[in-house]
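Chain A is the first sequence line, chain B the second, and so forth, proteins listed ahead of strands; every chain is numbered from 1.
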Amino acid sequence: MNNPLTTEQHDSVWSPLYQQRAFRALMSAFSFPGRRQPLPLCSDATGPTCIAAVLCDNEVSLADPDQLIQPADIRRLGIREASLENAGFIIADGSRAPDFAPALGSLAEPEQGATIIVRVASLESTNDFPLMLEGPGIQDTQALAVSGLNRAWLAERARWNRNFPMGADLILVDDTQVVALPRTTRIRGGTN
Amino acid sequence: MNPNYRLPNSQDSYGFGFLDEFAKREIRRVILKAISIPGYQTPYASREMPMGRGFGTGGLQLTLSMIGPDDTLKVIDQGSDDSVNAVNLRKFAELTCPEVSTTESTTEASLIQTRHRVPEIPLRENQVLNFQVPYPDPLVIVEPSEAKRKIMHGEGDYARLLTKLYEDLVKFDEITISHRYPTRINGHYVIDPSPIPRYDVPRLNQSKALLLFGAGREKKIYAVPPYTNADPLVFDDVPFRTENFYDADGQRRACARCGCTDSFLDELNLEDGSKAWQCSDTDYCNRQLASTEAGEVTQ
């Protein structure tokens with residue numbers, strides 16, 4: 001009586017099975033901030049599009065100032081486009097300093113704070129950009145190396161998140177991996 | 001409309017996990033926000049499920065939105081795999097999620113849906129515990145307006161809740177909350193941890209597994225992320241107490257079945273009017289029993 005997920009094409013980012021697996025990677029990423037989680041392999045999209053396909057539909061609004069998602073994919077997802085100040089989801093290029101003020105939610109509705117998907121060059125371990133993370137989901141401290149993230153992001157993120165529970169949550173993504181930085185994560189370092 | 005029309009076979013069925021993909025996507029978005037704001041009751045559009053609200057629809061929607069063919073699911077009701085709510089929800093998952101394995105073993109499960117208990121065996125980082133929540137808001141006993149409660153939660157203003165606890169101490173020399181003990185998450189939001197006994201509250205603190213709470217009727221999802229402080233609301237000079245299961249002589253009661261003295265016990269009324277105590281977590285009890293029997297065989 002049911003459609004098993006496995007009868008469908010698995011490696012397409014639009015298949016329910018892919019989206020379920022990618023969501024579990026994202027849920028692990030948010031549970032353990034700063035830990036790299038591999039995205040499941042897919043044949044037809046890159047990192048930012050994978051995240052958008054998992055989380056976005058016509059119920060949410062998206063701002064994509066750097067055009068990181070193909071217009072055809074935006075139409076396929078049916079996402080409403082919005083300005084950077086109002087969008088629920090923002091997709092941005094991490095190499096450029098953020099020059100916008102995202103939605104941070106309100107005291108009564110902090111979940112209205114934006115989710116910002118930041119495309120970076122690589123999340124592979126390097127000594128290039130060592131960050132030390134603390135907060136919920138991290139036992140003591142967690143080290144994170146990111147290449148291709150403009151340092152201004154860290155200062156801006158700290159400013160957005162200074163009034164908990166309001167704030168914005170970041171998802172860093174390269175081509176194959178994802179790291180989440182929810183608003184509760186405190187970051188030290190970033191200068192080398 | 002043609003009454004003889006039938007959908008093609010490929011469409012004449014439920015999708016995997018009963019919920020449609022839009023419903024799953026919304027719940028997934030809400031789960032991520034709930035983890036990002038530990039303890040905050042994130043509103044969501046709770047779907048109609050083929051069972052009454054109040055029968056675990058919130059926990060079930062959490063489970064169905066994240067489950068996949070790689071998962072092993074365990075469903076417990078008051079610690080037991082075989083009581084009616086657990087059996088029905090497990091059957092529903094088996095029916096709507098082909099290829100998902102179900103288990104009664106805590107260690108084998110990757111997803112555990114629970115009603116009113118935390119398993120005795122400590123959970124691991126790669127497990128997720130989904131609680132079924134009847135009443136998500138601990139402030140409802142002191143403030144009827146949800147709009148005002150949301151502001152109080154945002155400001156971390158729990159003075160009236162503490163007053164309620166203080167009144168209990170004045171009247172009864174004891175905080176009289178036996179279950180659903182208000183618990184502060186990450187030093188900010190106070191949650192209703194669902195009707196788990198006090199015994200389970202310390203195990204929410206710095207848990208290795210992600211803890212998710214779904215209230216289907218009240219349309220709220222909240223989370224306690226791994227390695228996060230969860231402190232029961234108490235006063236500095238009145239420490240938090242859990243059930244101790246001492247008898248009149250000050251002896252810790254043992255489980256009548258497996259004999260262990262380190263688990264949460266259910267009190268049973270026997271036919272002859274006497275009482276017996278038995279582990280509430282059936283998987284833990286079976287495990288203890290199996291290990292003592294194995295020990296006797298080898299001796």
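In this structure, the portion of B:V128 lying under 4.5 Å from any heavy atom of chain A is its side chain and not its backbone. Interface residue B:D71: only side-chain heavy atoms are found under 4.5 Å from chain A. Using a 4.5 Å cut-off between heavy atoms, B:D70 contacts chain A through its side chain alone, with no backbone atom that close. Both the backbone and the side chain of B:K150 come within less than 4.5 Å of a heavy atom of chain A. B:Y189 touches chain A through its side chain: at least one heavy atom from C-beta onward sits under 4.5 Å away, while N, CA, C and O do not. Proximity to chain A (any heavy atom under 4.5 Å) is restricted, for B:L212, to the side chain, taken from C-beta onward. Proximity to chain B is limited to the backbone of A:A53, based on heavy atoms less than 4.5 angstrom apart. Both the backbone and the side chain of A:L26 come within contact range of chain B, with heavy atoms under 4.5 Å apart. Only the side chain of A:F23 comes within less than 4.5 Å of a heavy atom of chain B; its backbone N, CA, C and O stay farther away. For a residue to count as touching a neighbouring chain, one of its non-hydrogen atoms must lie under 4.5 Å from one of that chain's; by this rule B:L210 touches chain A with the side chain only.
Contact count versus chain A (heavy atoms, under 4.5 Å) is highest, among B:E26, B:K208, B:R29, B:E155, for B:R29. Most heavy-atom pairs under 4.5 Å with chain A: of the set B:T42, B:L111, B:I185, this distinction falls to B:L111. Contact count against chain A (heavy-atom pairs under 4.5 Å) is highest for B:P226 among B:A223, B:P225, B:P226. Of the listed residues (A:Q139, A:Q19, A:E59, A:E109), the one with the most heavy-atom contacts under 4.5 Å to chain B is A:Q139. When each of A:A180, A:C56, A:P182 is scored by its heavy-atom pairs under 4.5 Å with chain B, the top score falls to A:C56. Contact tally against chain B (heavy-atom pairs below 4.5 Å) for A:S31, A:G135, A:S28: the top residue is A:S31. Counting heavy-atom pairs closer than 4.5 Å to chain A, the top residue among B:G156, B:G17, B:G154 is B:G154. Of the listed residues (B:I35, B:N186, B:I37), the one with the most heavy-atom contacts under 4.5 Å to chain A is B:I37. Across A:T185, A:I171, A:L181, A:T184, the residue that shares the most heavy-atom pairs under 4.5 angstrom with chain B is A:T184.
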(message) Go through it in stages, so that I can follow the logic: the residues are B:T103 and B:S105, the test is side chain to side chain donor-acceptor pair (under 3.5 Å), and I'd like the CA-CA distance, side-chain angles, deciding distance and then a yes or no.
(response) CA-CA 5 Å; B:T103 182; B:S105 157; 4.6 Å; no
(request) Might you work through the side-chain contact (heavy atoms from CB on, under 4.5 Å) test for B:F213 and B:I221, ending with a clear yes or no? (result) CA-CA 6 Å; B:F213 298 78; B:I221 288 173; over 6 Å; no
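Between B:H188 and A:F164, the distance from one ring center to the other falls under 6.0 angstrom.
Judged purely by distance below 3.5 Å, without hydrogens or angles, the side chains of A:S12 and A:D44 pair a donor atom with an acceptor atom. One side chain, B:Q61 or B:S46, offers a donor N or O that lies under 3.5 Å from an acceptor on the other.
Sparse packing is recorded around CD of A:Q70, with 12 or fewer heavy atoms of other residues, nucleotides or ligands lying under 6.0 Å away.
Of the possible donor and acceptor atoms, none in the side chain of B:Q113 sits under 3.5 Å from a partner among the backbone N and O of B:I76. In this structure, the side chain of A:D66 engages the main chain of A:D93 through a donor-acceptor pair within 3.5 Å. The main-chain N or O of B:T106 is found under 3.5 Å from a side-chain atom of B:Q127 such that the two form a donor-acceptor pair.
Between B:R184 and B:Y158 there is a side-chain heavy-atom pair separated by less than 4.5 Å.
Residues B:K91 and B:E94 are not paired through a salt bridge, judged by the lack of any N-O separation under 4.0 Å between the basic side chain and the carboxylate. Under the 4.0 Å criterion applied to side-chain N and carboxylate O atoms, A:R157 and A:D169 are not assigned as salt-bridge partners.
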